[in-house]
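I have placed the structure first, in the form of structure tokens, so that the comments after it can refer back to it.
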Amino acid sequence: MNSHLPILIFLVPFFVGVSMPILTAKRPSLCPDITLAAVIVMFLLAIANLYMVQTEGPIEYALGGWTAPIGIAWLNDSIAAIVVLTVTVVALLTLIYGRVIVSADLAKSVPYYTLILIMISGLVGLVFAADLFNVFVFLEVAALSGYALVGAGGGKAQVYAFRYLLLGSFGATLYLLGLGHLYVVTGTLNMADLALRLPELMTSTAVVGGLIYIFLGLSIKMALIPLHSWLPDAYTNAPSAVTPLLASTVTKVALVAWVRIEYSLIAPNVEVSHVPVLVLLEELGVIAALIGGALALIQTDLKRMFAYGGISHIGLILIGVSLGNDTGFVGGMFYLINDAVMQAALFMIAGAILYYHKARTLDDIRGVGLHTSPWLTGALIVVAVAMVGLPPTGGFFGKWNIILGALEAEHYFAVFAVIASTLLTFGYFLKVFAAWFHQTEFVEAKSIKISSGLRVSLGAISILMIALGLMSDSVVQILLESVNNGGI
Amino acid sequence: MLELLQTLIQRPNFVVFVILFLWGIYIMAAHPNFVKKLIGLYIVQISAIFFLVAFSAKQGATVPVIMEGAAAVEPLIYANPLPHVLTVTAIVVQVATLGVSLALVAGIYRKFGTLDEDKVMEQLK
């Protein structure tokens, strides 16, 4: 029973999602409750799974009892367990938030809840998958529901969802091509198997080409600059109720898939025609971190600014995991977990402002007197502290470990990029604070009664950001042990 | 040059794949019509599937089902089932993508009354 936890975490949202139209045929108003119940079950299972992995060590779950090279394997190690727990926590908080901040027609729509659950199940599968083709399938399961959820905003959102779909599907096709190349050369798709056969084949153009296809495909999915153009438009126009979930998980989990591939298939110090691969990836991360931060600084639309902030953080994480040492890797993974929580918090705040005050840009915010709203202001301060990376929030410890790793690898440019992107983050939060606290003229603060659901989600996510910082030692230790045991 | 030509002629499948792939990208990028963009995307996806099928094709091979009581298993006479399974799954994914994308295109048409990207963008401004 215990060893079946990964598949249970996957199947709960999948089955509930698929059978949602039947379950709620008589009473459509039950949809939010059933969805929430399914995610709570997932959350409990994910905690049990993390506990089991901690006590019994990582296990390879063989689907249907067929063990790895022939069957499909799922790898259930500490990193997967922690990321799955993060996804379920963020999903849970987003659903609580989404009960309040939701447009009337979406709240009654059965397919909307089905899509959310299927997307979560796709993300869970993507984290566990230890087989390249399995990654492709779950990538598409998560992405297809993601396109539909973005499009659920209606009107403008549909156009941007369509663009997202074109780019995303193109990325998936590139990934499929890369996987085909690797299969032609090695005859296997299992990551552990590939890791054994690839190192001596790194001179083959088919292998290098295949890895490049895979990286390009996944960089579209994770919105790595310069392949990020779909993200700001899509997340700005997606329905507020679900944007926290989309922004915090879809790109991050695609990055987790890439990290698994990178960590198991690309050894440190490997060079392809005199180009050190990991350093190349690290520099791409540097570019993304700097340009993403700079683009965030010039935005005036709150959601757009936060979307670019997320893009810059993808770069930071890529720097961390590509440094080639454990400190940087653990820092990157820890920052990834933090970033998922922070992005959710940012889009919750932006969505709540849009819902209550119809304020989208910084100028709108200046005119509504938000500083009188303690919950939103408190959450914004906590998330700003976490995004900039000050202790005691988790953001600090992630960045700290990335910088330590970069110093260990003697890559001073990466250190500079992390610090510079921190300053850029500070810069755009200053803009937000300036609009938030300084009114140009006196405005009568519109008193808004913030309902308990929003209070719970904002409060919980703020506590979570600080708790991640306070518990950073144990989380980093778990990640470090997992890396040392040859995990991932 | 001659050598390059020779390698190309020896790999007609690969050449077809490359042509389809680039053609699809061109259609996706060049046509402002949403449905034509979708057709381009579909051609790109078909090219990837063509690639998978092309490398797994084996002349004179039979289905990979081992008969009961067969003496020795001869791997040479069986086709490799895995690429075909991948292909079927990839086609299923494509069909799902097509469904979602057509729904989005229909939604856009109902809202904006046109399928031309430039006109839609003008209305959005």
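Letters A, B, ... mirror the listed sequences (proteins, then strands); counts begin at 1. For clarity, every value in this text was computed on a predicted model and none was experimentally measured.
Here the shortest heavy-atom pairing between Leu144(A) and Thr97(B) reads CD2-CA, 3.5 Å.
By the 6.0 Å contact criterion, NZ on Lys58(B) is enclosed, its count of non-hydrogen atoms from other residues, nucleotides or ligands being greater than 12. Sparse packing is recorded around OH of Tyr109(B), with 12 or fewer heavy atoms of other residues, nucleotides or ligands lying under 6.0 Å away. Counted within 6.0 Å of CD on Gln10(B), heavy atoms from surrounding residues, nucleotides or ligands total more than 12; the atom is thus considered enclosed.
In this structure, chain A has heavy atoms under 4.5 Å from both the backbone and the side chain of Leu86(B). Contacts between Val120(B) and chain A at a heavy-atom distance below 4.5 Å involve the side chain alone, from C-beta outward. Using a 4.5 Å cut-off between heavy atoms, Leu41(B) touches chain A through its side chain atoms alone.
Between chain A and the options Leu82(B), Val105(B), Val92(B), the largest number of non-hydrogen pairs under 4.5 Å is found for Leu82(B). Among Val100(B), Ile49(B), Ile25(B), the residue making the largest number of heavy-atom pairs under 4.5 Å with chain A is Val100(B). Interface remark: of the candidates Gly151(A), Gly155(A), Ala148(A), Gly155(A) forms the most heavy-atom pairs closer than 4.5 Å to chain B.
Inspection of non-hydrogen atoms places Leu166(A), Ser169(A), Phe170(A), Thr173(A), Leu174(A), Leu176(A), Leu177(A) of residues 166-177 of chain A under 4.5 Å from chain B. Proximity to chain B at a heavy-atom threshold of 4.5 Å picks out Phe133(A), Phe136(A), Val137(A) from residues 118-138 of chain A, in numerical order.
Taking CD of Gln158(A) as the start and CZ of Phe112(B) as the end, the distance is 7.5 Å to the nearest 0.5 Å.
The shortest distance between side-chain heavy atoms of Leu104(B) and Tyr164(A) does not fall below 4.5 Å. Looking at Leu124(B) and Tyr160(A), their side chains come closer than 4.5 Å, going by heavy atoms from C-beta outward.
For residues 143-166 of chain A, every residue pair satisfying the salt bridge (charged side-chain N to carboxylate O under 4.0 Å, His left out) rule, not counting sequence neighbours, is listed here: Arg163(A)-Glu117(B). Legend: side chain to side chain donor-acceptor pair (under 3.5 Å) pairs involving residues 140-155 of chain A, not counting sequence neighbours, sorted by first then second residue: Glu140(A)-Lys221(A), Tyr147(A)-Lys221(A).
Using the six-membered ring where Trp is involved, Phe34(B) and Phe162(A) have ring planes that are perpendicular, over 60° apart on the 30 and 60° scheme.
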